[in-house]
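Notes to accompany the following structure.
Worth saying up front: this structure is predicted, and the values here are computed from it rather than measured. Residues: numbered from 1 along the sequence shown.
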Amino acid sequence: MERRRGARTQFSIVYVLLALALVFLVQGLVARWLGRAEEVPYSQFRDDLANGRIAKVTFEEQRIVYTLRESSEGESVEGNFTTVRVDDSELVQHLVEAEVEFQAEPPPSGIVTALLTWVLPLIPLALIWYFLFRRMGSSGPLSIGKSRAKEIAPERTKVTFEDVGGVDEVETELKEVIEFLKDPSRFTAIGAKLPTGILLVGPPGTGKTLLARATAGEAGVPFFSMSGSEFVELFVGVGASRVRDLFEQAKTRAPCIIFIDEIDAIGQSRSSVAALRTNDEREQTLNQLLYEMDGFESNQGVVIMGATNRPEILDKALLRAGRFDRQIEVPLPTEIGRRQILDIHTANVPLGPDSDLDRLAQITAGFSGADLENLVNEAALMAVRRGDAKVGKQDFDVAIERIVAGLQRDTPLKGETRRRVAYHEGGHALVSQLLPNTDQVHRVSIIPTSKGALGYTMEMPVEDRYLMSEAVLKERLAVMLGGRAAEVLIFSEISTGAANDLERATALARRMVTEFGMSEALGPVRYAAGSGPGYLGRELGLESDLSPETASLIDKEVRRIIEEAQEQALELLRTHRSALDAIATVLQEREAIEGAEVGRIVSETASTKP
């Protein structure tokens, strides 16, 4: 923040210095243009007068301007000469004796002098400031405090709920607002009031902005859209002015919807440490927004909608009743919701006979609506690259791999590294296949990716999981450590390839101990600091008032859980060593293996599953 502020200050200083230089330059040019006279010393003026060369003299307020006579050869001298006027009491007498025509001019008008010497030179400065305001996105200095919200007329809002999938519960909540905007008398007759504000919260890419536009499209009312960051500018007071102007526009266009995307940019809590380090401009903007929302009369037909994926940092005054009365969570889509979203995005995409959208919806657990849209687009690009006119199963599989694991590199692994990575990924796949509560293996690969992985094991969830037991979490830990256990079993040493596995396993084990209370030694107590929904991901630290003994015990419990998970993975791999060797051999030969083939190898080498 300080660096950006310094850059802006330097930018303004440069422009000011250039403008001042232009002012002085123009002043000098104007003065020379007005005078058009050559400056000479006063002594030369007296010499020209004594030698009879002066034809005419004009006395100004502070200067003397004179012209010379024709020379003896008959040539005329062009231009005037000027010198500084001094106190010379005998000058007039000498002019009379030399028969020189002389006169005095009154001082110029003050308005004319100011216009020529000050107003005219300031024109370049005004032009510079004008272009500076245009560069900041304003049409001029007088419009900097105007709202920059984009108004979308009802006939241009073509998005409806048919264009949104996977959020049926959210649509039900929003349809009440639509019905109120269309026919408020049904609600006011029984004393119901329209919610002042509706806050859409959820992970990125779940369709919060699309839902707001669909609400306006269904209601057939004007839609004012603006980002929270557009309120705050360099100049103090601009944000509050834009809030006032936005709400004034909305009142004249009621019924309508005001949508503020990423409202956390101006709605951050004023009591947070980060807010104390910022200037007052953001706080003034928030205060004005709080006033405008609370100042609305009920049922006047203006609905404020906001969207954020950081609800935990919003100011409490913004979330109270009377402002954002209704908070609607827009979660990641379920399997049924993902199927609906895929139907929407594949409506104009020709699908091959082997494309199975039901299967695709099942294996994309955790994907948002934006991720699914990107998935369909990537699959279409893959089909074009293959030269096929239809998108098939192979294209969708490759697209999923590109999104989850990254682009595959064209540099295959060789030698001992290839063998080690094959056993590492084989260990993950085999442990996942053997344990009863883990997801099914979808694909195993030892092709390096652009994200830095030398290989990966993709799992396909059987169903969406909304909660997980301690046994399920421990099995997940065993799968995470299956690659490291395979290296210990086969090579009797470990490598750096398990660094990411250890990172994820340690984070999960620590959450089990400090957040979920899954430790008998520590009991059902929460030791993790922080609370509230966090959709962008966050690392939970420990409470600051923990005793050293408790912190040490937490570390011991985390280590115990991880060691038990690794020992479980090692025991499974020892028991099914032949299956591990078979999977690693196939990976070294073909670089990839499907989940169905992993299951077949396990069935052939071991008749029962633990």
Side-chain angles (χ1 to χ4, degrees), residues 138-140 142-157 159 174-189 191-200 209 211-233 237-263 265-267 282-308 315 317-328:
S138 303
S139 59
L142 298 179
S143 65
I144 191 171
K146 299 295 183 180
S147 170
R148 298 164 68 178
K150 301 175 183 177
E151 180 182 357
I152 303 176
E155 59 273 11
R156 294 179 55 194
T157 310
V159 181
L174 294 177
K175 283 179 179 178
E176 288 185 0
V177 178
I178 297 171
E179 294 174 0
F180 193 102
L181 292 174
K182 287 183 175 180
D183 186 13
S185 59
R186 289 180 51 205
F187 296 85
T188 56
K193 297 180 180 180
L194 178 69
T196 302
I198 298 175
L199 183 64
L200 302 176
T209 304
L211 278 169
R213 296 190 63 180
T215 303
E218 292 281 349
V221 297
F223 182 73
F224 292 87
S225 176
M226 193 169 181
S227 174
S229 60
E230 293 183 81
F231 287 101
V232 182
E233 281 284 1
V238 171
S241 176
R242 287 180 177 172
V243 171
R244 288 190 297 268
D245 186 69
L246 173 61
F247 279 80
E248 287 297 329
Q249 292 183 43
K251 291 176 184 178
T252 60
R253 299 284 289 157
C256 65
I257 293 177
I258 296 176
F259 177 64
I260 305 176
D261 199 5
E262 305 297 344
I263 197 172
I266 58 172
R282 192 184 305 274
E283 185 173 346
Q284 290 181 16
T285 305
L286 174 59
N287 289 338
Q288 187 64 40
L289 178 62
L290 296 175
Y291 171 77
E292 294 290 347
M293 293 185 66
D294 204 25
F296 266 140
E297 297 178 2
S298 61
N299 304 327
Q300 70 175 13
V302 178
V303 178
I304 303 99
M305 296 185 67
T308 181
D315 195 282
L318 193 64
L319 302 177
R320 74 163 175 82
R323 292 194 175 115
F324 280 111
D325 308 84
R326 184 172 296 180
Q327 299 180 34
I328 303 177

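Take Glu248 and apply the side chain to side chain contact (heavy atoms under 4.5 Å, CB included) test, not counting sequence neighbours, and it matches Lys251. Among residues two or more places apart in sequence or in another chain, the side chain to side chain donor-acceptor pair (under 3.5 Å) test is passed with Asp325 by none. Listed by chain and number, the residues in a salt bridge (charged side-chain N to carboxylate O under 4.0 Å, His left out) with Arg326 are Glu173, Glu176 (sequence neighbours excluded). Among residues two or more places apart in sequence or in another chain, the side chain to side chain contact (heavy atoms under 4.5 Å, CB included) test is passed with Gln327 by Leu199, Leu319. Applying the side chain to side chain contact (heavy atoms under 4.5 Å, CB included) rule to Ser185 yields the partners Asp183, Thr188; only residues at least two apart in sequence or on another chain are considered. Legend: residues meeting side chain to side chain donor-acceptor pair (under 3.5 Å) with Glu262, ordered by chain and number and at least two apart, are absent.
A side chain to side chain contact (heavy atoms under 4.5 Å, CB included) with Val302 is found for exactly one of Ile258, Ile257, Thr196, Val221, namely Ile258.
Taking CD1 of Ile260 as the start and OG1 of Thr308 as the end, the distance is 11.5 Å to the nearest 0.5 Å. Atom-to-atom distance recorded for Cys256:SG and Ile304:CD1 is 8.5 Å, nearest 0.5 angstrom.
At a threshold of 4.5 Å between non-hydrogen side-chain atoms, the residues Leu289 and Leu318 count as touching. Thr285 places none of its side-chain heavy atoms less than 4.5 Å from the side chain of Arg242. Within the 4.5 Å cutoff, side-chain heavy atoms of Met305 are placed close to those of Leu174.
Between Phe259 and Phe223, the ring-plane angle classifies as parallel under the 30° and 60° cut-offs.
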CA sep, side-chain torsions, deciding dist, call: Phe324, Ile263, side-chain contact (heavy atoms from CB on, under 4.5 Å): CA-CA 12 Å; Phe324 280 111; Ile263 197 172; 3.5 Å; yes
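Summarising the geometry of Leu246 relative to Phe224, their closest heavy-atom pair is CD1-CB, 4.2 Å, with the distance given to 0.1 Å. Of all the heavy atoms in Pro255 and Pro222, the pair that sits closest is O-CD, 3.3 Å. Looking at every heavy atom in both residues, Asp261 comes nearest to Ala307 through OD1-CB, 3.6 Å. A pairwise comparison of heavy atoms in Gly228 and Ala265 identifies C-CB, 3.8 Å as the closest pair.
Checked by atom type, the side-chain pair Gln288/Glu292 shows a donor-acceptor distance below 3.5 Å.
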